[in-house]
Amino acid sequence: MSTKKPLILITGANQGIGFATAQNLASTGRYHLLIGARSQEKAEGAVKQLSPLSSALTPLVIDVTSDASIAAAAKTVSDRFGSLDILINNAGISTSPAHANLSLRENFRAVFEVNVFGVAVVTDAFLPLLRASAYHDRRIVNVTSGLGQIGITLSPTSEYNAKSWALPIYRSSKCALNMITAVDAVTLSEEGISVVLAAPGYTRTNFSGGNGVKEASQAAVQIVRAATEGNPREYFGKVVDEENFLEEFGW
């Protein structure tokens with residue numbers, strides 16, 4: 001099965017910023033979206049909600065903590081579409097749902113499984129499909145956070161510094177993600193695949209316990225920009241942050 005529209009995979013697309021990103025992209029009518037979620041029920045539920053906006057939607061089961069699930073998802077996309085044009089690594093957690101019953105090591109491992117290892121394995125699994133794409137603007141977007149920037153963490157003036165928000169597990173996971181993105185941005189640029197960081201900001205979703213300074217629809221704008229707009233060369237070594245604002249990594 002082939003699609004004339006650029007094919008985009010969004011992980012964690014059934015809720016929060018991932019779902020809002022899917023809404024934004026679906027409303028344009030320009031793309032075929034693979035709606036990634038951990039279960040068929042969640043993926044199909046999201047597709048049903050998005051269906052008034054677009055018919056170019058395909059549910060995809062992908063649990064980023066499971067190598068078997070990731071491999072199965074990549075095979076599904078390969079068998080049905082043959083290639084992938086844009087990958088958005090959106091799935092992420094701030095802490096393990098069972099954090100109160102876990103040791104510190106287990107808490108670190110649970111967050112890194114999603115935010116770091118999951119992104120690395122998903123990218124590796126889908127890279128052959130990105131390489132198989134003839135699309136002129138192939139991109140990988142990794143969703144990060146300003147909390148993962150060392151400069152912000154150390155800043156005595158930032159409201160998001162470590163004194164105000166310690167969060168060592170989440171911060172370190174996003175810092176690690178930033179490094180993975182930097183390395184991939186360099187190594188894949190020769191192949192014409194752009195690897196871009198997007199920071200949606202402090203958003204009111206289940207992820208943040210309903211706290212935040214913006215709605216998911218506002219936060220999704222940064223991810224959409226990073227995935228589909230502008231010249232990706234201008235995003236190299238930077239974070240796509242608030243609209244019309246590019247921030248250096250801030251080491």
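Computed from heavy atoms alone, side chains included, the values below leave out hydrogens, waters and symmetry copies. Numbers for residues simply follow the sequence, beginning at 1.
- Cluster annotation: Leu177 is not connected to Phe112 through the hydrophobic network of ILVMFWY side chains, with a link wherever side-chain heavy atoms come within less than 4.5 Å.
- Under the 3.5 Å distance criterion, with hydrogens and angles disregarded, no donor-acceptor pair is assigned to the side chains of Asn90 and Thr11.
- Counting heavy atoms from C-beta on, the side chains of Gln49 and Phe19 come closer than 4.5 Å.
- To the nearest 0.5 Å, atoms CZ (Arg171) and CD (Gln149) are separated by 10.0 Å.
- Cluster annotation: Val119 is not connected to Ile8 through the hydrophobic network of ILVMFWY side chains, with a link wherever side-chain heavy atoms come within less than 4.5 Å.
- The shortest side-chain heavy-atom distance between Tyr160 and Ser145 does not fall under the 4.5 Å cut-off.
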Practice prompt. Might you work through the side-chain contact (heavy atoms from CB on, under 4.5 Å) test for Thr228 and Tyr31, ending with a clear yes or no?
Written response: CA-CA 10 Å; Thr228 66; Tyr31 308 100; 3.3 Å; yes
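- Within the 4.5 Å cutoff, the side chain of Gln23 has heavy atoms near those of the Leu53 side chain.
- Transitive grouping of hydrophobic side chains (ILVMFWY, heavy atoms separated by less than 4.5 Å) brings Leu9 and Ile180 into a common cluster.
- Annotation for Ala199 and Gly146: closest pair CB-N, 4.4 Å, computed over non-hydrogen atoms.
- Linking ILVMFWY side-chain heavy atoms closer than 4.5 Å, directly or via other members, places Leu127 and Leu60 in a single hydrophobic cluster.
- Side chain of Asp85 to main chain of Leu7: a donor-acceptor pair is present (N/O by atom type, distance under 3.5 Å, no hydrogens or angles).
- Listed by first and then second residue, the salt bridge (charged side-chain N to carboxylate O under 4.0 Å, His left out) pairs involving residues 21-39 are Arg38-Asp63 (not counting sequence neighbours).
- Evaluation of the side-chain contact (heavy atoms from CB on, under 4.5 Å) rule for Asp67 yields Val121 as partners, not counting sequence neighbours.
- Under the 4.5 Å side-chain criterion, counting only non-hydrogen atoms from C-beta, Ile10 is in contact with Leu25.
- Neither side chain, Ser194 nor Arg233, offers a donor N or O lying under 3.5 Å from an acceptor on the other.
- Using a 4.5 Å heavy-atom cutoff, the side chains of Thr58 and Phe81 are in contact.
- The two atoms that bring Ile70 and Phe126 nearest to each other are O-CE1, 4.3 Å, heavy atoms only.
- With rounding to the nearest 0.5 Å, the separation of OG in Ser39 from CG in Asn14 is 7.5 Å.
- Here Gln40 pairs with Glu44 under the side-chain hydrogen bond (donor to acceptor under 3.5 Å, both in side chains) rule; sequence neighbours left out.
- The hydrophobic clustering, which links ILVMFWY residues whose side-chain heavy atoms are closer than 4.5 Å, places Val141 and Tyr135 together.
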Item to complete: Go through the steps for Val111 and Ser94 under the test side-chain contact (heavy atoms from CB on, under 4.5 Å), then give the verdict.
Response: CA-CA 7 Å; Val111 174; Ser94 58; over 6 Å; no
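- The salt bridge (charged side-chain N to carboxylate O under 4.0 Å, His left out) pairs that include a residue from residues 121-134 are Arg131-Glu191, where partners are two or more places apart or lie in different chains.
- The minimum heavy-atom distance linking Asn24 with Thr28 is given by the pair O-CG2, 3.4 Å.
- Residues meeting the side-chain contact (heavy atoms from CB on, under 4.5 Å) test with Ser155, sequence neighbours left out: Thr157, Ser158.
- The shortest distance between side-chain heavy atoms of Tyr170 and Ile93 does not fall below 4.5 Å.
- For residues 132-158, the set of pairs meeting the salt bridge (charged side-chain N to carboxylate O under 4.0 Å, His left out) definition, not counting sequence neighbours, comprises Asp137-Arg139.
- Taking both residues in full, the closest heavy atoms of Val116 and Ala176 are given as CG2-CB, 3.9 Å, listed atom of the first, atom of the second, then distance.
- Residues satisfying the side-chain contact (heavy atoms from CB on, under 4.5 Å) test with Val183, not counting sequence neighbours, are Met179, Thr187.
- Side-chain contact check for Asn161 and Ser164: at least one donor-acceptor pair (N or O, by modelled atom type) lies under 3.5 Å.
- The hydrophobic cluster analysis finds Leu102 isolated: no Ile, Leu, Val, Met, Phe, Trp or Tyr side chain comes under 4.5 Å of it, directly or through other members.
- Evaluation of the side-chain hydrogen bond (donor to acceptor under 3.5 Å, both in side chains) rule for Lys163 yields no partner, not counting sequence neighbours.
- With sequence neighbours excluded, the residues satisfying side-chain hydrogen bond (donor to acceptor under 3.5 Å, both in side chains) with Asn142 are Asn89, Thr181.
- Every residue two or more places apart in sequence or in another chain that forms a side-chain contact (heavy atoms from CB on, under 4.5 Å) with Ala110 is listed here: Ser96.
- Closest of all the heavy-atom pairs between Ile35 and Ala43 is O-CB, 3.7 Å.
- Counting only heavy atoms from C-beta outward, the side chains of Ile169 and Leu104 approach each other to under 4.5 Å.
- Under the salt bridge (charged side-chain N to carboxylate O under 4.0 Å, His left out) criterion, no residue pair touches residues 106-118, with sequence neighbours excluded.
- Proximity of a side-chain donor or acceptor of Ser78 to a complementary backbone N or O of Ala74 within less than 3.5 Å is not detected.
- Counting only heavy atoms from C-beta outward, the side chains of Ile62 and Leu34 never approach each other to under 4.5 Å.
- Smallest separation of non-hydrogen atoms from Pro200 and Val143: CD-CG1, 3.6 Å.
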